[in-house]
Amino acid sequence: MKELDGQIALVTGGSRGIGLAIAQELARAGARVAVVARNGEAAEAAAASLEGTGHRGYACDVSESAGVKVTVGKLEEELGPVDILVNNAGITRDNIFIRMKEEEWDEVLAVNLKGAFNMTHALARGMMRRRSGVVLNITSVVGIVGNAGQANYAASKAGLIGFTKSIAKELASRGIRCNAIAPGFITTDMTAELPEAAVEELHSRIPLGRFGDPEDVGGLVRFLAGPAARYITGQVVAVDGGMAI
Ligand code: NAP
């Protein structure tokens, strides 16, 4: 018997990077996982690669509320009601503030913050009816400490923290727990483009002296989604090698 046997989990941005590691860990814990990403083929391939059976991939842009509703309806029909929602889909459009274009601001807020609203809104009513559910939002240390060149991204991630704490308060009486996870620098496509000099400088600012792996986030999601975390809600848990101490 595994701790998430019989549970349905939905992971946005689960086709690669941190989201894929989260999907893998939830599948290993016994959950059936719906992997959501804009690229449906990549989402299906990721779902097919997970341990166990019954996982499915779906093409969906989390920033489009109408599409999110349709996708959620379809996947709940196919898999059953979602017990665990992980809002992980996220993008960067970095620029120094003075050069930041309105589109760069809007795109990042639409995916990182409104995407989490869209998904949570589409699923919360069902969770409330069933009086149980877990919502985990993948924010960032940058949402706590800020970062030059990432005003849009940091604002979206700080927004997710306020969102998490507010819905944790609203939904606790309905048996729903909501927490945020704040990774530091994790080795994925998102950080692959950093110049070597920047990587070395960043390493020197991380007490554990290196970037984390996607699995480091996956393990924390598994813990926060499961019964061992049943008394934890409204928290922001960093997994950052000590970067934000
Ligand atoms: P990644 O490797 O770039 O993967 C992003 C994932 O999100 C992909 O599956 C992508 O698939 C999906 N996605 C992007 N836009 C989407 C949209 N509009 N709708 C649905 N899915 C979308 O990123 P990552 O590094 O794993 O980051 C995952 C999360 O962790 C993000 O929220 C990020 O901000 C956060 N984070 C990352 C780091 C880090 O150092 N890597 C640190 C702190 C926080 P498609 O392109 O097919 O849509």
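In what follows, every heavy atom counts, from backbone to side chain, and hydrogens, waters and symmetry copies are set aside. Residue numbers start at 1 and run along the sequence shown. Order of appearance sets the numbers: ligands from 1, and atoms from 1 within every ligand.
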* Between Asp189, Thr188, Ile181, which one has a non-hydrogen atom sitting closest to atom 24 (P) of ligand 1? -> Thr188
* Verify the distance criterion only: is there a donor paired with an acceptor across the side chains of Asn137 and Thr164 at less than 3.5 Å? => yes
* Nearest protein heavy atom with distance in Å, relative to atom 20 (C) of ligand 1 -> Cys60 O, 3.2 Å
* Structure fact -> Ranked by distance from atom 9 (O) of ligand 1, the top protein heavy atom is Ser15 OG, 2.7 Å
* To do: Consider every N or O of Arg38 and every N or O of ligand 1, then say whether any pair is closer than 3.5 Å.
  => yes
* If you look at every heavy atom in Pro207 and Ile245, which pair is closest and at what distance? -> CG-CD1, 4.4 Å
* At a 4.0 Å cut-off, with the gap strictly under it, does some heavy atom of Lys157 reach an atom of ligand 1? -> yes
* Asked: Any N or O on Val36 sitting closer than 3.5 Å to an N or O of ligand 1?
  -> no
* Asked: Does ligand 1 have any atom sitting under 4.0 Å from a heavy atom of Thr12?
  -> no
* Asked: Can you tell me which residue and heavy atom of the protein come closest to atom 3 (O) of ligand 1, and the distance to 0.1 Å?
  -> Arg16 NH2, 3.7 Å
* Steps toward side chain to side chain donor-acceptor pair (under 3.5 Å) verdict (Thr120, Asn87) -> CA-CA 8 Å; Thr120 311; Asn87 287 310; 3.1 Å; yes
* Asked: Between Ser140, Pro214, Gly184, which one has a non-hydrogen atom sitting closest to atom 42 (C) of ligand 1?
  -> Gly184
* Structure fact -> atom 19 (N) of ligand 1 sits nearest the protein heavy atom Val62 N, 3.0 Å
* **Test item, Tyr153 contacting ligand 1 (heavy atom, 4.0 angstrom)** => yes
* **side-chain contact (heavy atoms from CB on, under 4.5 Å) involving Val237 - partner list, sequence neighbours excluded** => Leu220, Leu224, Gln235
* Flag Asp61 as yes when one of its N or O atoms lies below 3.5 Å from any N or O atom of ligand 1, and as no otherwise. => yes
* **Nearest protein heavy atom with distance in Å, relative to atom 44 (C) of ligand 1** => Thr139 O, 3.2 Å
* Tell me, please: is Ala46 in heavy-atom contact with ligand 1, that is, under 4.0 Å? => no
* At a 4.0 Å cut-off, with the gap strictly under it, does some heavy atom of Ala43 reach an atom of ligand 1? -> no
* To do: Please write down residue, atom name and distance for the protein heavy atom closest to atom 12 (C) of ligand 1.
  => Gly13 CA, 3.5 Å
* Do me a favour and list the nearest non-hydrogen protein atom to atom 22 (C) of ligand 1 with residue, atom name and distance? => Ala89 CB, 3.7 Å
* Answer yes or no: does an N/O atom from Ile186 fall short of 3.5 Å to an N/O atom of ligand 1? => yes
* Can you find a side-chain donor-acceptor pair between Glu104 and Tyr153 that sits under 3.5 Å? -> no
* Structure fact -> re atom 26 (O) of ligand 1, the protein heavy-atom contact at minimum distance is Ile18 N, 2.8 Å
* Enumerate the atoms of ligand 1 whose separation from the nearest heavy atom of Phe185 is less than 4.0 angstrom. => 40 (O)
* Of Thr139, Val236, Asp240, the residue whose pairing with Ile144 passes side chain to side chain contact (heavy atoms under 4.5 Å, CB included) -> Val236
* To do: Look at ligand 1 and say whether Asn87 reaches it with a heavy atom at a distance under 4.0 Å.
  => no
* Nearest to atom 32 (O) of ligand 1 by heavy atom, Asn88, Asn39, Ile138: which? -> Asn88
